[in-house]
Amino acid sequence: MISRLKGTDDILPPDSRRWRALFRAFYRLSELYGYDLALLPVIEATELFSRGVGEATEVVEKQMYTFEDRGGRSVTLRPELTAGMVRAFVEAGALGTMKLAAEGPMFRYEQPQKGRRRQFYQVDFEYLGEASPDADVEVIELSHRFLEEVGVEGITLKVNSIGDSADRLAYRLILQEFLRSREADLSPEARRRIDSNPLRVLDSKADVEAVADAPVPIDHLGEAARAHFGAVCAGLDAVGIPYEVEGRLVRGLDYYNRTVFELFSSSFEAAQSALGGGGRYDPLAGLIGSKKEVPAVGVALGCDRIVEAMPDPGGRRLDLFVAVVDADRRDEARRWLGQLRSAGLRVEWDPVPGRSLRGQFKSADRSGAGAVAIVGDEWSEGEVTVKRFGTGEGERLQIEEVASWLLGR
RNA sequence: GUGACCGUAGCUCAGGCGGUUAGAGCGCCAGGUUGUGGCCCUGGAGGUCGGGGGUUCAAGUCCCCUCGGUCACCCCA
């Protein structure tokens, strides 16, 4: 028997009930906030990520599913969504702003553990072409709202600003000098990063003590970035979303500037506790070769982890199960099923003709239906016998009355 | 990439110091009961004991390798 690949999952009931609730909330909120749907390729040119996400990042260095296709091109299964979203926006020749929502699988080649799979799912909101800090606030508010909406408990938000490119260049030198002065206390990995990616050292768990008093980007912001961050914080205050400013929050991808943020839930003690994160990424379009500048801000939320923190949506999966006593009446019953479904009722029946009524009741009970309707002799008088599970005896109803009887309470 | 623990039926697990035909509960199917589900009773299907190699008269049990799972490191969603 051939089985699943390592780090991949089959998401089936009952777990998939929570996934369905999650995607419902995603589609509902996208519409409420005016984010249109984007469906993008799962496979992209490798360069999109090596240039966009950054050559020296963990993701690009060792986590990508990269291979040569039959035409000899180097292609990669997307490890994240943002680079593709910007690519699509620029490639469409889009002018002005565009608000896009996307969802789907991402791929990273890693050792699986709790909250970390090789194929995982994200929902994603991107506010493209907008430089205003109000876009940052909206994206953060929407992320927070989404987590609340699906029932995640104990949400916390951390925000930071890593400044503009020029700010970071200057800050980078200051940080590198600090790190060299502490080189003896740093982990080997951190030492390697002093030159390649010094900011990453700030949130390395192995080096928390060594960098406790390190200079942080937020104290070295330029005028524009400082004003921008002030406006973002003021906006969050105005909508009443609590947050912490975390100076050592830097995120793992190279394309960010100014605002960065991450969302957590208190229901996770474990290592993989970030449910989502994002930020502003004005430089990204340039990194992937766009002549046009695209200021933008976005967020990605990890569905697998969110689902872990979600309560079961509960409720029944069916409204009615139709039991047919006499197989001769199945075609009439079949038409009736169609009518009930058109009325918005969730209805099933037994796929095998001629099973005993007792057998059909057993199926009905297991199907999760709230009630049964018996199509029997009374059908010829335009009636069926209906019965709710868990309560008393059945009653006879006119066929037309059944829908309102079900919806009645 | 590193480390720890774990792989026996669909699921949860039992199998004493290596010994005869590998078991239980739940679930599933059928029947008891062809106009009434749950409870009960009877019967049934379902196993390369993760895979490969080795030791042995004999391996689910001991040894080695490998694959997979879980968790942690690392990193991130």
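Computed over heavy atoms, backbone and side chain alike; hydrogens, waters and symmetry mates excluded. Note on naming: letters A, B, ... go to the chains in the order of the sequence lines (proteins, then strands), and numbering restarts at 1 for each one. All values reported here derive from a predicted model rather than from experimental measurement.
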Could you give the distance separating [M] and [N] at their [atom1] atoms, to the nearest angstrom?
{"N": "B/U66", "M": "B/G27", "atom1": "P", "answer": "41 Å"}
{"N": "B/G38", "M": "B/A30", "atom1": "P", "answer": "13 Å"}
{"N": "B/C67", "M": "B/U48", "atom1": "C1'", "answer": "15 Å"}
{"N": "B/G37", "M": "B/U20", "atom1": "C1'", "answer": "46 Å"}
{"N": "B/C62", "M": "B/C6", "atom1": "P", "answer": "12 Å"}
{"N": "B/G50", "M": "B/C17", "atom1": "C1'", "answer": "26 Å"}
{"N": "B/C75", "M": "B/G23", "atom1": "C1'", "answer": "45 Å"}
{"N": "B/A22", "M": "B/G1", "atom1": "P", "answer": "40 Å"}

Q.
Using the six-membered base ring of B/G38, report whether A/F389 stacks on it, requiring centroids under 5.5 Å and planes under 30° apart.
A. no
Under 4.0 Å between any heavy atoms, over every strand shown, what does [X] touch: base, sugar-phosphate, or nothing? Just pick one.
{"X": "A/R108", "result": "base"}
{"X": "A/Q360", "result": "nothing"}
{"X": "A/Q111", "result": "base"}
{"X": "A/G278", "result": "nothing"}
{"X": "A/E378", "result": "base"}
{"X": "A/T385", "result": "base"}
{"X": "A/R396", "result": "nothing"}
{"X": "A/G276", "result": "sugar-phosphate"}

Q) Short question: side chain of A/N160, backbone of A/G247 - any donor-acceptor pair under 3.5 Å? A) yes
Q: Taking A/Q360 for its side chain and A/V324 for its backbone only, find out whether a donor-acceptor pair lies under 3.5 Å.
A: yes
For [N], does OP1 or OP2 lie under 4.0 Å from any side-chain N or O of [X]?
{"X": "A/R366", "N": "B/C29", "result": "yes"}
{"X": "A/R358", "N": "B/G31", "result": "no"}
{"X": "A/R117", "N": "B/U70", "result": "yes"}
{"X": "A/R355", "N": "B/A30", "result": "yes"}
{"X": "A/Q113", "N": "B/C71", "result": "no"}
{"X": "A/R193", "N": "B/C75", "result": "yes"}

Q: Tell me which of A/I374 and A/D304 sits closer to the 5' end of RNA chain B, going by the nucleotide each one is nearest to.
A: A/I374
**Q.** Toward the 5' end of RNA chain B, by each residue's nearest nucleotide, A/L263 or A/P112
**A.** A/P112
Calculate the interatomic distance between [X] atom [atom1] and [N] atom [atom2]; express it in whole Å.
{"X": "A/W379", "N": "B/G35", "atom1": "CH2", "atom2": "C1'", "answer": "16 Å"}
{"X": "A/D350", "N": "B/U36", "atom1": "CG", "atom2": "P", "answer": "16 Å"}
{"X": "A/D15", "N": "B/C11", "atom1": "CG", "atom2": "P", "answer": "14 Å"}
{"X": "A/L357", "N": "B/G32", "atom1": "CG", "atom2": "P", "answer": "14 Å"}
{"X": "A/Y109", "N": "B/A77", "atom1": "OH", "atom2": "C1'", "answer": "20 Å"}
{"X": "A/R118", "N": "B/G68", "atom1": "CZ", "atom2": "C1'", "answer": "11 Å"}
{"X": "A/D377", "N": "B/U36", "atom1": "CG", "atom2": "P", "answer": "13 Å"}
{"X": "A/F107", "N": "B/C75", "atom1": "CZ", "atom2": "C1'", "answer": "19 Å"}

Parallel, tilted or perpendicular, as decided by the 30° and 60° cut-offs, for the rings of [Y] and [X]:
{"X": "A/F125", "Y": "A/F146", "value": "perpendicular"}
{"X": "A/Y171", "Y": "A/H220", "value": "tilted"}
{"X": "A/F23", "Y": "A/F26", "value": "perpendicular"}

Do [X] and [Y] have a side chain donor and acceptor closer than 3.5 Å?
{"X": "A/D164", "Y": "A/H228", "value": "no"}
{"X": "A/Y35", "Y": "A/E126", "value": "no"}
{"X": "A/Y281", "Y": "A/R258", "value": "no"}

Taking pairing as Watson-Crick or G-U wobble with both contacts under 3.5 Å, can you name the mate of [N], or confirm there isn't one?
{"N": "B/G23", "value": "B/C13"}
{"N": "B/G7", "value": "B/C67"}
{"N": "B/G43", "value": "B/C29"}
{"N": "B/U34", "value": "none"}
{"N": "B/U2", "value": "B/A72"}

Q: Based on the glycosidic angle (syn within 90° of 0, else anti), state the conformation of B/G16.
A: syn
Q: Taking only the side-chain heavy atoms of A/K114 (C-beta and beyond), determine which of B/C75, B/A72, B/G37 contains the nearest atom.
A: B/A72
Q: Identify which nucleotide among B/G69, B/A77, B/A72 has an atom closest to any side-chain atom of A/K6, counting heavy atoms from C-beta outward.
A: B/G69
[N] base to [X] side chain: any donor-acceptor pair below 3.5 Å?
{"X": "A/K62", "N": "B/G1", "value": "no"}
{"X": "A/E308", "N": "B/A77", "value": "no"}
{"X": "A/R251", "N": "B/C75", "value": "no"}

**Q.** Over-ring placement of A/R329 relative to A/W336, 6.0 Å and 45° cut-offs
**A.** no
